[in-house]
There are 2 protein chains.
Amino acid sequence: MDDPRAEIALLLRRLNVELDAVAARFAELHGLGRTDVRALVAIMDAARRGQALTAGALGSAVELSSASVTALVDRLERVGHVRRVRDPEDRRRVALEISDSAMSAGAEFFGGLQRDLVAVMGDFDEAELAVVRRFLQEATGVVAGHARASGPPVC
Amino acid sequence: MDDPRAEIALLLRRLNVELDAVAARFAELHGLGRTDVRALVAIMDAARRGQALTAGALGSAVELSSASVTALVDRLERVGHVRRVRDPEDRRRVALEISDSAMSAGAEFFGGLQRDLVAVMGDFDEAELAVVRRFLQEATGVVAGHARASGPPVC
DNA sequence: CCTACTGTCTCGAACATCGAGATGATCGCC
DNA sequence: GGCGATCATCTCGATGTTCGAGACAGTAGG
């Protein structure tokens with residue numbers, strides 16, 4: 001089994017398992033469910049891009065029905081991780097704002113991971129990182145194809 | 001944001017999201033839950049290594065209580081994906097055997113993904129694949145550290 | 001003002017998971 | 001052989017998450 005191809009595919013799966021485990025650990029540490037963590041990450045990512053997520057947008061981001069989103073936001077709001085804020089322009093909408101405590105908790109946890117990952121990258125020069133980046137891009141594209149239709153344009 | 005480091009970290013996260021989506025798609029296609037898919041994968045991996053998983057081992061593999069494992073195996077057995085088989089040597093144990101239909105369904109779905117991934121690797125030469133492999137190994141190690149203790153040996 | 005439409009929330013039911021305890025099979029020791 | 005300890009599994013009641021259907025504001029256009 002010298003073939004690096006099979007080993008790389010295996011590594012990708014293992015990496016996926018470990019990343020899930022990281023999310024699970026964060027969830028357990030803060031008394032949250034997995035869905036709650038995914039939602040929190042989605043809201044934080046949106047906030048990082050400068051736009052606040054609405055309840056509906058969060059629902060489609062994490063593939064949840066509107067009823068589940070309401071329950072989800074209820075849980076998150078009850079423990080003080082997010083706030084509901086009525087959009088003054090369209091008063092039907094409810095924007096979701098992350099509390100500072102949740103933001104810093106997330107930054108501490110995932111920021112530490114990011115820091116370690118960057119440290120790993122220190123072992124690679126620019127050309128090598130470019131190779132890694134290209135591989136990850138192509139691999140992500142292929143995986144995304146399988147995620148949306150069981151048979152991508154490949155036949 | 002030319003820094004390839006931040007972009008690679010982002011790509012890893014996106015890859016994780018897409019891989020989860022693949023699992024979710026497989027689950028939906030076969031009328032299963034996410035836990036069921038994880039369990040099926042664990043059983044298949046064990047079978048691929050030549051050893052049949054017991055119910056207890058499955059429970060610790062997917063971090064589930066014994067009660068949940070019973071319900072899980074019930075569901076899987078009801079739809080014909082696994083069989084309960086008493087271990088003749090230690091008759092307390094119940095080994096789990098995957099049915100051929102489930103095995104071939106999994107092989108078709110994930111095998112197709114693997115095939116496409118290998119095709120992607122065709123765009124890389126041996127030296128580049130070695131770089132990718134080394135990166136994935138180190139990254140997995142770092143992530144695994146964060147998965148088990150929020151603060152790895154780094155201080 | 002009335003209608004169509006959108007975004008969010010409430011209600012009831014289904015399902016997965018858990019903790020505690022019961023059952024059955026096996027092992028070690030006397 | 002017999003008896004308690006141990007291990008793997010199953011049953012039961014309770015909790016929490018999810019969904020579908022429908023109710024309740026709010027908006028846009030005639």
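Order of the sequence lines fixes the chain letters, A, B, ..., with proteins taken first and strands second; residue numbering starts at 1 for each chain. Computed from a predicted model, the values in this text were never measured in an experiment.
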Please confirm whether the shortest side-chain N or O distance from B:S68 to OP1 or OP2 of C:dT17 is below 4.0 Å. no

Assign each of B:A71 and A:S65 the nucleotide of DNA chain D bearing its closest heavy atom; nearer the 5' end lies the nucleotide of B:A71

Taken to the nearest whole Å, CZ/B:R78 to P/C:dA16 is 8 Å

- Think A:R86 has a side-chain N or O under 4.0 angstrom from the OP1 or OP2 of D:dG26? no

Note to self: Salt bridge check, A:E77 against A:R83: does any charged N sit closer than 4.0 Å to a carboxylate O?
What the structure shows: no

Closest to the 5' end of DNA chain D, once A:D36 and A:R91 are matched to their nearest nucleotides, is A:D36

Those residues at least two apart in sequence (or on a different chain) that pass salt bridge (charged side-chain N to carboxylate O under 4.0 Å, His left out) with A:E128 are B:R134

Hey, would you say the A:F26 and A:F110 ring centroids sit under 6.0 Å apart?
-> yes

Next item on the list: Evaluate salt bridge (Lys or Arg N to Asp or Glu O under 4.0 Å) for A:R133 paired with A:E138, printing each intermediate quantity in order.
Entry: CA-CA 9 Å; A:R133 185 175 130 280; A:E138 297 193 17; over 6 Å; no

Looking at D:dT9, I'd like to know if its phosphate oxygens (OP1 or OP2) sit under 4.0 Å from a side-chain N or O belonging to B:T70. no

In whole angstroms, the gap separating P of D:dT9 from CG of B:L76 amounts to 15 Å

Separation of C:dT17 atom C1' from A:E28 atom CD, nearest Å, is 14 Å

Go through the N and O atoms of the side chain of A:R92 and the base of D:dT27, and report whether any donor-acceptor pair is under 3.5 Å.
-> no

Here the gap from A:L96 atom CG to A:L76 atom CG, rounded to the nearest 0.5 Å, amounts to 8.5 Å

Between CD of A:E77 and C1' of C:dT8 the distance, given in whole Å, is 13 Å

Base, sugar-phosphate, or nothing for B:R84, non-hydrogen atoms under 4.0 angstrom?
sugar-phosphate

Less than 4.0 angstrom between a side-chain N/O of A:R75 and OP1 or OP2 of D:dT18, yes or no?
yes

Between CG of B:D74 and C1' of C:dA16 the distance, given in whole Å, is 13 Å

With a 4.0 Å cut-off, would you call B:R5 and A:E126 a salt bridge? yes

Q) Can you tell me if CZ on B:R84 sees more than 12 non-hydrogen neighbours from other groups inside 6.0 Å? A) yes

(Q) Side-chain N or O of A:T54 versus OP1/OP2 of C:dG7: is the shortest distance under 4.0 Å? (A) no

Per the under-4.0 Å heavy-atom filter, residues of residues 55-64 of chain B near DNA chain C come out as B:E63, B:L64

Between CG of B:L32 and P of C:dA16 the distance, given in whole Å, is 10 Å

Ranking A:A67 and A:R93 by the position along DNA chain C of their nearest nucleotide, the one closer to 5' is A:R93

Separation of D:dT18 atom P from A:L72 atom CG, nearest Å, is 7 Å

**Ionic contact status for B:R25 with B:D20, cut-off 4.0 Å** = no

A:R34 atom CZ is separated from D:dG16 atom C1', nearest whole Å, by 15 Å

I'd like to know if A:S66 reaches the base of C:dC9 with its side chain such that a donor and an acceptor end up less than 3.5 angstrom apart. yes

